[in-house]
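Reviewing the structure listed below.
By convention here, the first residue in the shown sequence is residue 1. Please read all numbers here as calculations on a predicted model, not as lab measurements.
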Amino acid sequence: MAPSKLIVPSAAPAADGNVLRITPQSAGWSYVGFEVYRLQAGQSLKRETGENEACLVLLSGLADAATSGHKWARIGERMSVFEQKQPYAVYVPPGDAYALTALTEVELAVCVAPGKGSHAARLIAPSDIEVEIRGKGNAQRRIHQILPEQKEADSLLVVEVFTPGGHWSSYPPHKHDEDNLPAESYLEETYYHKIQPEHGFAIQRVYTDDRSLDETMAVRNSEAVLVPKGYHPVSAPPGYDVYYLNVMAGPIRTWKFHNDPDHEWIFKEWAK
(Lines give C-alpha, C1' and ligand atoms only; values in the text may rest on other atoms or scores of the structure.)
Protein backbone atom coordinates (compact mmCIF):
# COMPACT_ATOMS: atom_id res chain seq x y z
CA MET A 1 0.00 0.00 0.00
CA ALA A 2 1.36 3.43 -0.91
CA PRO A 3 2.04 5.74 2.05
CA SER A 4 -0.61 8.34 2.78
CA LYS A 5 -0.07 11.75 1.20
CA LEU A 6 -1.31 13.22 4.49
CA ILE A 7 1.71 11.92 6.42
CA VAL A 8 4.95 13.94 6.35
CA PRO A 9 7.85 11.91 7.81
CA SER A 10 10.97 13.23 9.49
CA ALA A 11 14.36 12.79 7.84
CA ALA A 12 17.94 12.79 9.05
CA PRO A 13 19.00 16.29 10.12
CA ALA A 14 20.18 18.57 7.32
CA ALA A 15 23.20 20.83 7.84
CA ASP A 16 20.96 23.41 9.54
CA GLY A 17 19.27 20.75 11.69
CA ASN A 18 16.02 20.62 9.73
CA VAL A 19 14.28 17.25 9.88
CA LEU A 20 10.76 18.10 8.70
CA ARG A 21 9.34 20.88 6.52
CA ILE A 22 5.77 21.67 5.48
CA THR A 23 5.06 24.74 3.38
CA PRO A 24 1.72 25.97 2.02
CA GLN A 25 3.03 24.94 -1.40
CA SER A 26 3.97 21.39 -0.34
CA ALA A 27 0.69 20.94 1.55
CA GLY A 28 -1.46 22.39 -1.23
CA TRP A 29 -3.08 25.02 0.96
CA SER A 30 -2.69 28.72 1.80
CA TYR A 31 -1.81 29.46 5.42
CA VAL A 32 0.07 26.98 7.60
CA GLY A 33 3.81 26.32 7.47
CA PHE A 34 5.57 24.02 9.92
CA GLU A 35 9.17 22.91 10.44
CA VAL A 36 11.10 20.86 12.99
CA TYR A 37 14.81 21.26 13.76
CA ARG A 38 17.11 19.05 15.81
CA LEU A 39 20.09 21.09 16.94
CA GLN A 40 23.24 19.90 18.65
CA ALA A 41 24.66 21.85 21.59
CA GLY A 42 26.33 24.98 20.23
CA GLN A 43 24.43 24.88 16.92
CA SER A 44 22.46 28.00 15.92
CA LEU A 45 19.43 28.56 13.71
CA LYS A 46 18.97 32.04 12.22
CA ARG A 47 16.04 33.07 10.04
CA GLU A 48 14.10 36.13 8.87
CA THR A 49 10.32 35.98 9.12
CA GLY A 50 9.54 37.94 5.94
CA GLU A 51 5.79 38.26 5.49
CA ASN A 52 5.01 35.58 8.07
CA GLU A 53 4.69 35.57 11.82
CA ALA A 54 6.34 32.69 13.65
CA CYS A 55 5.92 30.82 16.91
CA LEU A 56 9.05 28.94 17.98
CA VAL A 57 8.15 26.11 20.35
CA LEU A 58 11.00 24.57 22.32
CA LEU A 59 9.85 20.95 22.33
CA SER A 60 12.86 19.83 24.36
CA GLY A 61 16.24 21.15 25.45
CA LEU A 62 17.74 24.47 26.56
CA ALA A 63 18.61 27.41 24.31
CA ASP A 64 19.38 31.11 24.04
CA ALA A 65 16.92 32.98 21.82
CA ALA A 66 16.86 36.44 20.29
CA THR A 67 14.93 38.57 17.84
CA SER A 68 16.10 41.86 16.33
CA GLY A 69 15.12 43.72 19.49
CA HIS A 70 15.06 41.15 22.29
CA LYS A 71 17.27 38.52 23.91
CA TRP A 72 16.30 35.68 26.25
CA ALA A 73 19.04 33.62 27.86
CA ARG A 74 18.75 29.95 28.77
CA ILE A 75 15.11 29.28 28.01
CA GLY A 76 13.69 25.79 28.20
CA GLU A 77 13.11 23.37 31.02
CA ARG A 78 11.88 20.01 29.81
CA MET A 79 14.19 17.45 28.18
CA SER A 80 11.23 15.50 26.77
CA VAL A 81 7.70 16.54 25.84
CA PHE A 82 6.48 13.63 27.97
CA GLU A 83 7.55 15.42 31.14
CA GLN A 84 4.25 17.26 30.50
CA LYS A 85 5.66 20.59 31.61
CA GLN A 86 4.47 23.65 29.72
CA PRO A 87 7.07 24.65 27.12
CA TYR A 88 8.91 27.86 26.41
CA ALA A 89 7.99 29.53 23.11
CA VAL A 90 8.87 32.75 21.29
CA TYR A 91 6.47 34.79 19.15
CA VAL A 92 8.17 36.62 16.26
CA PRO A 93 6.24 39.08 14.07
CA PRO A 94 6.68 39.55 10.31
CA GLY A 95 9.53 41.77 9.17
CA ASP A 96 11.68 40.53 12.06
CA ALA A 97 14.43 37.94 12.48
CA TYR A 98 15.26 35.34 15.09
CA ALA A 99 18.27 33.38 16.25
CA LEU A 100 18.23 30.35 18.52
CA THR A 101 21.41 28.76 19.87
CA ALA A 102 21.18 25.32 21.44
CA LEU A 103 22.78 24.89 24.88
CA THR A 104 21.90 21.17 24.93
CA GLU A 105 20.42 18.96 22.24
CA VAL A 106 17.26 20.78 21.16
CA GLU A 107 14.13 19.83 19.27
CA LEU A 108 12.50 23.00 17.99
CA ALA A 109 9.18 23.45 16.18
CA VAL A 110 8.80 26.51 13.94
CA CYS A 111 5.16 27.36 13.26
CA VAL A 112 4.44 30.04 10.62
CA ALA A 113 1.46 31.72 9.00
CA PRO A 114 0.75 35.05 7.27
CA GLY A 115 1.31 38.06 9.51
CA LYS A 116 0.23 41.69 9.58
CA GLY A 117 2.81 43.06 12.00
CA SER A 118 0.19 43.86 14.63
CA HIS A 119 2.10 42.50 17.61
CA ALA A 120 5.60 42.72 19.09
CA ALA A 121 8.04 39.87 19.62
CA ARG A 122 7.69 38.25 23.03
CA LEU A 123 8.69 35.29 25.14
CA ILE A 124 5.88 32.87 26.00
CA ALA A 125 6.94 31.37 29.32
CA PRO A 126 5.47 28.21 30.89
CA SER A 127 3.58 30.39 33.38
CA ASP A 128 1.83 32.07 30.43
CA ILE A 129 0.43 28.77 29.14
CA GLU A 130 -2.93 27.58 30.41
CA VAL A 131 -3.34 23.88 31.18
CA GLU A 132 -6.72 22.32 30.39
CA ILE A 133 -8.01 18.80 31.02
CA ARG A 134 -10.48 18.08 28.23
CA GLY A 135 -12.87 15.19 27.64
CA LYS A 136 -14.07 12.41 29.94
CA GLY A 137 -13.26 8.76 30.58
CA ASN A 138 -10.97 7.29 27.94
CA ALA A 139 -11.28 10.48 25.90
CA GLN A 140 -9.65 12.60 28.60
CA ARG A 141 -6.40 14.37 27.64
CA ARG A 142 -4.15 17.24 28.76
CA ILE A 143 -4.00 20.48 26.73
CA HIS A 144 -1.33 23.22 26.80
CA GLN A 145 -2.65 26.42 25.22
CA ILE A 146 0.59 27.87 23.79
CA LEU A 147 -0.95 30.47 21.46
CA PRO A 148 -4.75 30.38 21.79
CA GLU A 149 -7.02 32.94 20.18
CA GLN A 150 -7.19 34.92 23.44
CA LYS A 151 -3.44 35.65 23.14
CA GLU A 152 -1.97 38.11 20.63
CA ALA A 153 -1.14 36.92 17.10
CA ASP A 154 -2.31 37.66 13.56
CA SER A 155 -3.04 34.17 12.20
CA LEU A 156 -1.44 31.41 14.27
CA LEU A 157 -3.16 29.14 16.77
CA VAL A 158 -0.78 26.73 18.53
CA VAL A 159 -1.62 24.06 21.10
CA GLU A 160 -0.07 20.82 22.35
CA VAL A 161 -1.98 17.76 23.54
CA PHE A 162 -1.00 14.74 25.66
CA THR A 163 -3.11 11.62 25.10
CA PRO A 164 -2.47 8.73 27.55
CA GLY A 165 -2.24 5.19 26.22
CA GLY A 166 -5.69 3.73 25.60
CA HIS A 167 -7.27 7.18 25.23
CA TRP A 168 -8.68 9.16 22.31
CA SER A 169 -8.30 12.85 21.56
CA SER A 170 -9.62 15.35 19.04
CA TYR A 171 -12.67 13.35 20.02
CA PRO A 172 -15.61 13.24 19.55
CA PRO A 173 -14.64 14.11 15.95
CA HIS A 174 -14.87 17.74 14.86
CA LYS A 175 -13.94 19.76 11.79
CA HIS A 176 -13.20 23.39 10.89
CA ASP A 177 -13.06 23.50 7.10
CA GLU A 178 -15.81 25.97 6.15
CA ASP A 179 -15.63 29.76 6.27
CA ASN A 180 -19.10 29.94 7.79
CA LEU A 181 -18.86 32.13 10.87
CA PRO A 182 -20.14 32.29 13.51
CA ALA A 183 -20.93 28.58 13.20
CA GLU A 184 -17.59 27.37 11.80
CA SER A 185 -14.20 28.79 10.83
CA TYR A 186 -11.83 27.66 8.08
CA LEU A 187 -8.54 26.53 9.60
CA GLU A 188 -5.81 24.42 8.05
CA GLU A 189 -4.05 22.22 10.60
CA THR A 190 -0.94 20.14 11.14
CA TYR A 191 -0.37 17.49 13.80
CA TYR A 192 3.23 16.74 14.82
CA HIS A 193 3.28 13.44 16.73
CA LYS A 194 5.65 12.08 19.36
CA ILE A 195 5.18 8.56 20.75
CA GLN A 196 6.40 7.09 24.05
CA PRO A 197 7.97 4.51 23.77
CA GLU A 198 9.27 5.70 20.39
CA HIS A 199 8.72 2.41 18.52
CA GLY A 200 4.94 2.69 18.98
CA PHE A 201 2.35 4.43 16.86
CA ALA A 202 -0.80 6.52 16.98
CA ILE A 203 -3.91 6.10 14.87
CA GLN A 204 -5.40 9.15 13.16
CA ARG A 205 -8.39 9.23 10.86
CA VAL A 206 -9.12 12.17 8.54
CA TYR A 207 -12.52 12.04 6.84
CA THR A 208 -15.24 14.22 5.35
CA ASP A 209 -19.02 13.90 5.50
CA ASP A 210 -19.20 12.66 1.91
CA ARG A 211 -16.15 10.38 2.41
CA SER A 212 -14.40 11.91 -0.59
CA LEU A 213 -11.53 12.00 1.90
CA ASP A 214 -11.41 9.08 4.31
CA GLU A 215 -8.01 7.88 5.50
CA THR A 216 -7.06 5.99 8.64
CA MET A 217 -3.33 6.15 9.30
CA ALA A 218 -0.79 4.53 11.61
CA VAL A 219 1.43 7.48 12.53
CA ARG A 220 4.94 6.94 13.85
CA ASN A 221 7.12 8.99 16.18
CA SER A 222 8.16 12.39 14.74
CA GLU A 223 5.74 12.26 11.81
CA ALA A 224 3.32 15.06 10.94
CA VAL A 225 -0.21 14.70 9.60
CA LEU A 226 -1.86 17.24 7.31
CA VAL A 227 -5.52 18.06 7.95
CA PRO A 228 -6.67 20.05 4.91
CA LYS A 229 -10.34 19.38 5.69
CA GLY A 230 -12.63 17.02 7.52
CA TYR A 231 -12.82 15.40 10.93
CA HIS A 232 -9.54 14.22 12.44
CA PRO A 233 -9.68 12.12 15.67
CA VAL A 234 -6.58 10.50 17.23
CA SER A 235 -6.20 7.29 19.21
CA ALA A 236 -3.30 6.29 21.46
CA PRO A 237 -2.95 2.48 21.65
CA PRO A 238 -2.68 0.94 25.13
CA GLY A 239 0.90 1.09 26.36
CA TYR A 240 1.86 4.10 24.22
CA ASP A 241 1.43 7.73 25.25
CA VAL A 242 0.91 10.14 22.36
CA TYR A 243 1.86 13.81 22.17
CA TYR A 244 1.04 16.14 19.32
CA LEU A 245 1.64 19.79 18.53
CA ASN A 246 -1.20 21.42 16.59
CA VAL A 247 -0.72 24.43 14.33
CA MET A 248 -3.81 26.08 12.84
CA ALA A 249 -4.33 29.15 10.67
CA GLY A 250 -6.89 30.52 8.25
CA PRO A 251 -8.42 33.75 6.97
CA ILE A 252 -9.87 34.66 10.39
CA ARG A 253 -8.11 33.81 13.64
CA THR A 254 -10.84 32.01 15.53
CA TRP A 255 -11.47 28.33 16.35
CA LYS A 256 -15.11 27.53 15.67
CA PHE A 257 -15.65 23.86 14.97
CA HIS A 258 -18.48 21.60 13.83
CA ASN A 259 -18.97 18.21 15.48
CA ASP A 260 -19.65 15.07 13.46
CA PRO A 261 -23.44 14.69 13.88
CA ASP A 262 -23.09 10.90 14.08
CA HIS A 263 -21.04 11.20 17.27
CA GLU A 264 -22.35 14.37 18.90
CA TRP A 265 -24.49 12.27 21.24
CA ILE A 266 -21.31 11.51 23.21
CA PHE A 267 -21.13 15.14 24.39
CA LYS A 268 -24.69 14.81 25.69
CA GLU A 269 -23.73 11.69 27.62
CA TRP A 270 -20.79 13.54 29.18
CA ALA A 271 -23.10 16.37 30.23
CA LYS A 272 -25.38 14.07 32.22
Side-chain angles (χ1 to χ4, degrees), residues 1-50 52 54-63 65 76 78-82 87 89-90 92 98-113 146 156 158 160-161 163 188-204 206 215-228 232 234 236-237 240-249:
M1 180 181 295
S4 171
K5 294 181 180 179
L6 298 181
I7 293 180
V8 181
S10 287
D16 63 357
N18 181 266
V19 296
L20 187 148
R21 176 175 287 119
I22 296 166
T23 66
Q25 292 74 27
S26 70
W29 57 32
S30 300
Y31 297 95
V32 171
F34 180 72
E35 297 183 333
V36 178
Y37 292 84
R38 292 195 190 126
L39 305 176
Q40 299 302 310
Q43 188 174 6
S44 295
L45 176 69
K46 298 179 180 181
R47 292 287 184 273
E48 295 182 353
T49 53
N52 290 321
C55 181
L56 316 180
V57 181
L58 205 54
L59 297 177
S60 61
L62 306 176
R78 64 191 189 187
M79 293 295 109
S80 163
V81 296
F82 291 102
V90 177
V92 192
Y98 61 84
L100 186 132
T101 300
L103 303 176
T104 64
E105 289 187 4
V106 161
E107 185 172 21
L108 176 72
V110 179
C111 320
V112 301
I146 299 169
L156 282 169
V158 182
E160 60 181 16
V161 179
T163 309
E188 302 158 355
E189 184 167 22
T190 55
Y191 277 66
Y192 179 63
H193 289 271
K194 304 292 285 186
I195 317 293
Q196 183 180 249
E198 290 185 0
H199 64 270
F201 62 95
I203 298 293
Q204 184 156 20
V206 180
E215 292 197 34
T216 302
M217 297 159 279
V219 187
R220 296 178 297 179
N221 186 60
S222 300
E223 291 186 329
V225 172
L226 305 175
V227 182
H232 39 275
V234 173
Y240 295 93
D241 294 333
V242 172
Y243 162 97
Y244 52 81
L245 180 71
N246 284 141
V247 183
M248 294 182 283

Quiz item: Among all residues two or more places apart in sequence or in another chain, which pass the ring pair (Phe, Tyr, Trp, His ring centres under 6.0 Å) test with Tyr37?
Solution: none
Quiz item: Residues in ring pair (Phe, Tyr, Trp, His ring centres under 6.0 Å) with Tyr240, at least two apart?
Solution: His199
Exercise: identify the closest heavy-atom pair between [X] and [Y]:
X: Ile195; Y: Gly200; result: CG2-C, 3.7 Å
X: Leu108; Y: Val57; result: CD1-O, 3.5 Å
X: Thr163; Y: Ala236; result: O-CB, 3.8 Å
X: Glu107; Y: Ser222; result: OE2-OG, 4.4 Å
X: Ala102; Y: Gln40; result: CB-O, 3.3 Å
X: Ile203; Y: Ala218; result: CD1-CA, 4.0 Å

Exercise. Evaluate side chain to side chain contact (heavy atoms under 4.5 Å, CB included) for Leu245 paired with Ile146, printing each intermediate quantity in order.
Key: CA-CA 10 Å; Leu245 180 71; Ile146 299 169; 3.8 Å; yes
Side chains of [X] and [Y] in contact at under 4.5 Å (non-hydrogen atoms):
X: Val90; Y: Tyr98; answer: no
X: Val32; Y: Ile22; answer: no
X: Arg47; Y: Val92; answer: no
X: Ser60; Y: Thr104; answer: no
X: Lys194; Y: Phe82; answer: yes
X: Leu62; Y: Met79; answer: yes

Quiz item: Going through the checks in order, is the side chain to side chain contact (heavy atoms under 4.5 Å, CB included) test met by Thr49 and Val112?
Solution: CA-CA 8 Å; Thr49 53; Val112 301; over 6 Å; no
Quiz item: Using 30° and 60° as the class limits, which term best fits the ring planes of Phe34 and Tyr192: parallel, tilted or perpendicular?
Solution: tilted
When rounded to the nearest 0.5 angstrom, what distance separates [atom1] in [X] from [atom2] in [Y]?
X: Leu59; Y: Ser80; atom1: CG; atom2: OG; answer: 10.0 Å
X: Leu100; Y: Leu45; atom1: CG; atom2: CG; answer: 7.0 Å
X: Asn18; Y: Leu39; atom1: CG; atom2: CG; answer: 10.0 Å
X: Tyr31; Y: Leu156; atom1: OH; atom2: CG; answer: 13.0 Å
X: Asp16; Y: Gln43; atom1: CG; atom2: CD; answer: 7.5 Å
X: His232; Y: Gln204; atom1: NE2; atom2: CD; answer: 7.5 Å

Quiz prompt | Residue list, salt bridge (Lys or Arg N to Asp or Glu O under 4.0 Å) with Glu188, at least two apart or on another chain | solution = none
Quiz prompt | Residue pair Ile7, Arg220: steps toward the side chain to side chain contact (heavy atoms under 4.5 Å, CB included) verdict | solution = CA-CA 10 Å; Ile7 293 180; Arg220 296 178 297 179; over 6 Å; no
Quiz item: Is it true that a side-chain atom of Ser10 and a backbone atom of Leu20 form a donor plus acceptor pair closer than 3.5 Å?
Solution: no
Practice problem: Report the C-alpha separation of Asn246 and Tyr191 in whole Å, then their side-chain angles, then the decisive distance to 0.1 Å, and conclude whether the side chain to side chain contact (heavy atoms under 4.5 Å, CB included) test is met. | Solution: CA-CA 5 Å; Asn246 284 141; Tyr191 277 66; 3.2 Å; yes
Quiz item: Is the number of heavy atoms from other residues, nucleotides or ligands under 6.0 Å of Phe201 CZ greater than 12?
Solution: no
